[in-house]
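Here's the structure, in structure tokens; my notes come after.
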Protein chains: 2
Amino acid sequence: MSNTTVWLIFSLICGILSLGIGVYLFVWVKNQDDGNDRTREVAGWIHSGARAYLKKLYAALIIVSVIMAAVLSAVYTFDGSGRGLATALCYLIGAVCSAIAGYLGMEVAVRANVRSAVAANHSMPSAFNIAFRGGAVMGFAVVGVATIGMSAIYMVTKDSQMVLAFSLGASSLALLAKAGGGIYTKTADIAADLVGKVEVGIPEDDPRNPAVVADNVGDNVGDVAGMGADIFDSYVASAVAAMLLGATMQEIHYTILPLLLCALGILASIIGVYLVQVKEDGKPGKALNMGTIITCAAFAVLMIIAILIIPEIANRYIWAILIGTSIGIVIGQTTEFFTSDEFKPVQLTAEYSASGAAITIISGISYGLISIVPSILGIVISMLVSFYVCGGATDFTLGIYGVGISAVGMLAISGMIVSADAYGPIVDNARGIAEMSGMDQEVIDRADVLDSAGNTAKAITKGFSIAAAALTVLALFAAFVSEINLALVPYGKTFTIEDISLVNPLILAGLFLGAMCPPLFSALTMLSVTQNAFKMIEEIRAQFREHPEILEGTMTPDYNRPISLAAEGALKSLILPAVIAIVFPLAVGFIMGPKGLTAFLGGAIITGVIFALFMSNSGGLWDNAKKYVEAGNFGGKGSEAHKAAVIGDTVGDPFKDTAGPSLNTLITVMSLVASTFAPVIAVYHLFQ
Amino acid sequence: MSNTTVWLIFSLICGILSLGIGVYLFVWVKNQDDGNDRTREVAGWIHSGARAYLKKLYAALIIVSVIMAAVLSAVYTFDGSGRGLATALCYLIGAVCSAIAGYLGMEVAVRANVRSAVAANHSMPSAFNIAFRGGAVMGFAVVGVATIGMSAIYMVTKDSQMVLAFSLGASSLALLAKAGGGIYTKTADIAADLVGKVEVGIPEDDPRNPAVVADNVGDNVGDVAGMGADIFDSYVASAVAAMLLGATMQEIHYTILPLLLCALGILASIIGVYLVQVKEDGKPGKALNMGTIITCAAFAVLMIIAILIIPEIANRYIWAILIGTSIGIVIGQTTEFFTSDEFKPVQLTAEYSASGAAITIISGISYGLISIVPSILGIVISMLVSFYVCGGATDFTLGIYGVGISAVGMLAISGMIVSADAYGPIVDNARGIAEMSGMDQEVIDRADVLDSAGNTAKAITKGFSIAAAALTVLALFAAFVSEINLALVPYGKTFTIEDISLVNPLILAGLFLGAMCPPLFSALTMLSVTQNAFKMIEEIRAQFREHPEILEGTMTPDYNRPISLAAEGALKSLILPAVIAIVFPLAVGFIMGPKGLTAFLGGAIITGVIFALFMSNSGGLWDNAKKYVEAGNFGGKGSEAHKAAVIGDTVGDPFKDTAGPSLNTLITVMSLVASTFAPVIAVYHLFQ
């Protein structure tokens, strides 16, 4: 058995181990106490709402995947490569794998929420444990299924092109799940708040609000299913980009190194997750952060040992991987400076709020724009260091591979990152269930503590995932160019780097067209939120008008109408964004050729990263500025500053949960579509 | 006398003619009736406030120019080219020329405002005439002084490098005038509105408001002096870029063609301005638009005749120039779709406002982001068409020159554009003076009609000037690369296009760093507005608190304290933005070398154009959504929708008048700094 086969089997085993732990934790969570009839009833509403949405989402996914699979199979049969069916099949497997991970994560989240709320009646550590282990199901499911899928496909086909098709399949779901979930959750959130809190003056999560269940379903479909699909996508894409780049190198070990790193990341995440503990008076936020740092350290040690004992891999790649892992964490931390209430940006924005909402908005947008600077510096440094350490201009291929493997280094610890991130919506839901089922104030207070830790974890992982996506797409970008070159070999042509010179107007045109897409995409998703929220507001008002008993608390509102409004609205709104993500790059490729498409991707990556950082951080800042005022600063709740801060927070909602994070997925999908179709585009296109 | 000398003399004469007409109109405006003691008193406050600011601005300019001139003279003495003193001198001439044009424009604006208000007592056409001719002084001064300066310098030195130094001088002033004026005007505007209208409930332009004079001064320093310096800058930069590109071609006529086009544009603008007429019941907005279209047509005819009768210039450049001129107008018109209340975006945003300010903001931002699409398509089309028509990939130099000359075609009609644009702040001021000096409602209504025409003209010219700046910097970008190549000739090196391949991580790093600058720049200018407005709000509140007689109308407030607060705040806030514009490109150039700097400029151009369009259009949209509600829709004044729309408008103020339009100047200055220092950077830099 060859050396590389051992590696593949090792990563397959680690994948299976990860999935096994996920299933074990699932059963553990399911066996916890889910309280009385009331808590079960409330949780049941959320559960069935989430299922109803997932059903519709998967129906939409089937349509998209069947079309894409048909196109892929036609294209790669027509071009004579004979890979049509295999490509389509791998694509479908990718979509299905991502769906399985998302389904598991969601099914556990809608169980962990109520069990965590019930446990909060007794102690904080047990409530924390249930929520965190619920999140860990998602974490281990995502990295486990992804690693199994990639390793198995590569073992069978020995072709990284097939893993690319798998990755595109996962991306298709990610696009639908992330953007759709983002629209769903903010539609419900904004509508519930505007009518509930502002118009009729009932508290958050009040069961009299017809949109309250939709709002809690939204946390699950947006922050659990959407986020999981997003990281699944980036995780696979980063590995595939490095595999494609590795395939251009002479030594096959480089092609498989990414899978080995995924396996080591799984082992490190198991250690990290196992060590996350919180005491009754401890800080859950600190525990989550500590888990991330332990995971990083464990991964670094395992990775260094592995590379040192494998003679085929040059030792300098250790540096590339280390800088990837550490820059991800550093970027996450700088995000905190701009979004935590311990620092100037949030405090000043809260202070300015006393002069009216306009100043709140201007201040939040300004700090959000400034917040892109440290992250971009981090991305640039990690790209340049990994490039120059591994090869540099003299050995271009080795250098570019360094950039790719650096992204894998960042994403290898995704198991832990997703666990900490999925914890957030679970405790958010737990708080909602505690409120809706009328638990004591003490329990709600405990849930609040858990909830705010979730927000901190979320802010950090958001910065991490944008940075990781940026490095990934940069690697994919290079992979795309090598794909084009590969495709041109039989024609005796080469796609040399002078073809994509920056001064060529075709390249500049491509850059501009690409750069235009992310802002357009975020605008369309945000407009969908406002339009759908507008419809849902009408629905809520109608329920209050027709049945005044609802507000008196003597009649249960119709929770289902808002739920189906949100679900249908979100899925309908996906058509245009999907066109931007899939049809635009193909159109540019077949019209402007590989040069134009290269530039198009470059432009999209640049503004994609900038807008994703800006919108996520502005949104996080407003959220915490509002909480800072609510904590009693500048007049506290009910003051003018508070009103202004609430407006800021509402603007921030679609920024940070719809438009901003979907951009990760957008640029990944665009890059994958381009790479997958590269062999055809290289040969057939209108202009040179 | 050679053919080309005749051209140079012709453009010099046209420049002198233009300046002469400007001076004639200045005297004409000055001789109009300036009313009674009260109107003279009110106008006097504005006049002296504007002068005080201009004094400080020019003092800041002297500091910046002396430093830059010293650096330029040192660098070009040290490098052995012996051009040190000449370069520094041309740079200073550029700064002084731009200052002269701005001074003339401002001096006439602060006279035309009161005279237009007085004339509005009698008839609308006479009020319109005074305001428009006042604006035309600025228009003709800008293009006149610029054309005289460029032609004279080229006649004396025969070196387009010296015209480049002249252009950088003009840009230095533009940066200070545009960003500083933008910060000044919105500081005063927001502070005056928030305390005056919102807190104490007195109307706009009420003389009891201590910030009312500062607000009116702001219109002049931001919209007249700032805008004039901005267009002066783009106008000269577009001509210089084409001249530099022309200098690489064998035929000298191509170097001088840009100056000839400027001269023809002046003649066309004279025709256009002369034909702008409005009747008592006519629409001033239509008259202004008609003037622009006539100018374009006249320019097209003159240009076609000139190129046909000059055998040295290939006829295909006619197409490049025509597409430049027409795309400018088309982009201006699409801007109207997103910012005029006759179309969906403004109407829907106004409708959504009934659900609260958050929705107003999200909707305005979304439409603003979508609005970049037609403009970017326009820029891309005009770039590609002019490139492929004039040479394309087979004759790269000719093609790139086509892009440059297309930008000149767009900006040649600046005389008319500036006239229509400067009309806006004059009538805005006239309305203010009418209110402050207690004229009849009928007069104020007339002033309102004139004012709203000014807003339409302004929206269109804003789209035009961003598009023009985009094409100009694209040409400058190519000019920069040819500068680098020129500088490397003595060293036997060439800077070939493979050096700036998109897949090189150094290039990607440069793109990211450059792309980061425009958002950072706009954030810093917007934060300055909020911080300065915050201070001014304190000052206004203090005056009301210490002297309650002010609000009773029995005591004149201290208008000077807000004026000097605004002026000092604005100029102090310029330090960081100036560092971004001048020091960043130099730092990137000397560290990352010409490749990195090329990519840096490319990145800055892309996000610069995107953010400029987005912010200007969102701001314009909110402004008109507010006016649409005030016209009685969705509840009219005082309704919830109105309150939300006012918040939108206040957010839009620094978007459209501070951050957005300053980005034009930023990317022009960056490009000019890079080109000017290209010969040194090409030789001395840290990394390859």
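In what follows, every heavy atom counts, from backbone to side chain, and hydrogens, waters and symmetry copies are set aside. Letters go in sequence order (proteins before strands), and every chain restarts at 1. Predicted, not measured: the structure shown is a model, and the values here were computed from it.
- L245(B) and T248(B) get closest at one heavy-atom pair: O-OG1, 2.6 Å.
- No donor-acceptor pair closer than 3.5 Å links the side chain of D623(A) to the backbone N or O of G619(A).
- Between chain A and the options V646(B), I610(B), D653(B), the largest number of non-hydrogen pairs under 4.5 Å is found for I610(B).
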task = Check step by step if salt bridge (Lys or Arg N to Asp or Glu O under 4.0 Å) holds for K535(A) and E538(A).
result = CA-CA 5 Å; K535(A) 278 182 211 152; E538(A) 295 300 319; over 6 Å; no
query = Does the pair I361(A) and V651(A) meet the rule for a side-chain contact (heavy atoms from CB on, under 4.5 Å), with working shown?
reply = CA-CA 8 Å; I361(A) 301 292; V651(A) 173; 3.7 Å; yes
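- Considering all non-hydrogen atoms of both residues, A604(B) and P518(B) come closest at O-CG, 3.4 Å.
- Listed options I372(A), V195(A), I400(A), V373(A) were ranked by heavy-atom pairs under 4.5 angstrom with chain B; first place goes to V373(A).
- S355(B) touches chain A through backbone and side chain together, each having a heavy atom under 4.5 Å away.
- The candidate from Q531(A), M516(A), E199(A) with the greatest count of non-hydrogen atom pairs under 4.5 Å with chain B is M516(A).
- Both the backbone and the side chain of I606(B) have a heavy atom closer than 4.5 Å to some heavy atom of chain A.
- Ring centroids of F600(B) and F584(B) are separated by 6.0 Å or more, keeping the two rings apart.
- Ranked by heavy-atom pairs under 4.5 Å with chain A, the first of C517(B), G356(B), A358(B), A478(B) is A358(B).
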request  = Please assess V380(B) against L384(B) for the test side-chain contact (heavy atoms from CB on, under 4.5 Å), listing each intermediate value before the final yes or no.
outcome  = CA-CA 6 Å; V380(B) 164; L384(B) 288 180; 3.9 Å; yes
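- Ranked by non-hydrogen atom pairs under 4.5 Å with chain B, the options V403(A), L513(A), T607(A) are led by L513(A).
- Heavy-atom distances place both the backbone and the side chain of F512(A) under 4.5 Å from chain B.
- Contact tally against chain B (heavy-atom pairs below 4.5 Å) for D649(A), L524(A), L527(A): the top residue is L527(A).
- With a 4.5 angstrom heavy-atom cutoff, F387(B) touches chain A only via side-chain atoms.
- At distances below 3.5 Å, not a single donor-acceptor pair connects side-chain atoms of S363(B) with backbone N or O atoms of T360(B).
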inquiry  = Please determine whether side-chain contact (heavy atoms from CB on, under 4.5 Å) holds for the pair I376(A) and L613(A), giving the CA-CA distance in whole Å, both sets of side-chain angles, and the decisive distance to 0.1 Å.
reply    = CA-CA 9 Å; I376(A) 287 188; L613(A) 290 167; 4.2 Å; yes
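- Contact of F521(A) with chain B is not made at all, since no heavy-atom distance falls under 4.5 Å.
- Proximity to chain A involves both the backbone and the side chain of I647(B), based on heavy atoms less than 4.5 angstrom apart.
- Of the listed residues (I362(B), I381(B), I379(B)), the one with the most heavy-atom contacts under 4.5 Å to chain A is I362(B).
- If you tally non-hydrogen atom pairs under 4.5 Å between each of F534(A), F611(A), F655(A) and chain B, the highest count goes to F534(A).
- In this structure, the portions of P505(A) lying under 4.5 Å from any heavy atom of chain B include both its backbone and its side chain.
- Only the side chain of I190(A) comes within contact range of chain B, with at least one heavy atom under 4.5 Å from a heavy atom of that chain.
- For L474(B), the part lying near chain A is the side chain, with the backbone staying farther off; criterion is any non-hydrogen pair under 4.5 Å.
- With a 4.5 angstrom heavy-atom cutoff, Y352(A) touches chain B via backbone and side-chain atoms both.
- Judged by distance alone, with hydrogens and angles left aside, the side-chain atoms of S618(B) form no donor-acceptor pair with the main-chain N or O of M615(B) at under 3.5 Å.
- Side-chain atoms of S406(B) never come within 3.5 Å of backbone atoms of G402(B) as a donor-acceptor pair (strictly under, hydrogens ignored).
- Only the side chain of V609(A) has a heavy atom closer than 4.5 Å to any heavy atom of chain B.
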task = Could you walk me through whether F477(B) and L508(A) pass the side-chain contact (heavy atoms from CB on, under 4.5 Å) test, one step at a time?
result = CA-CA 11 Å; F477(B) 184 64; L508(A) 284 171; 4.1 Å; yes
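- Both the backbone and the side chain of I370(B) come within less than 4.5 Å of a heavy atom of chain A.
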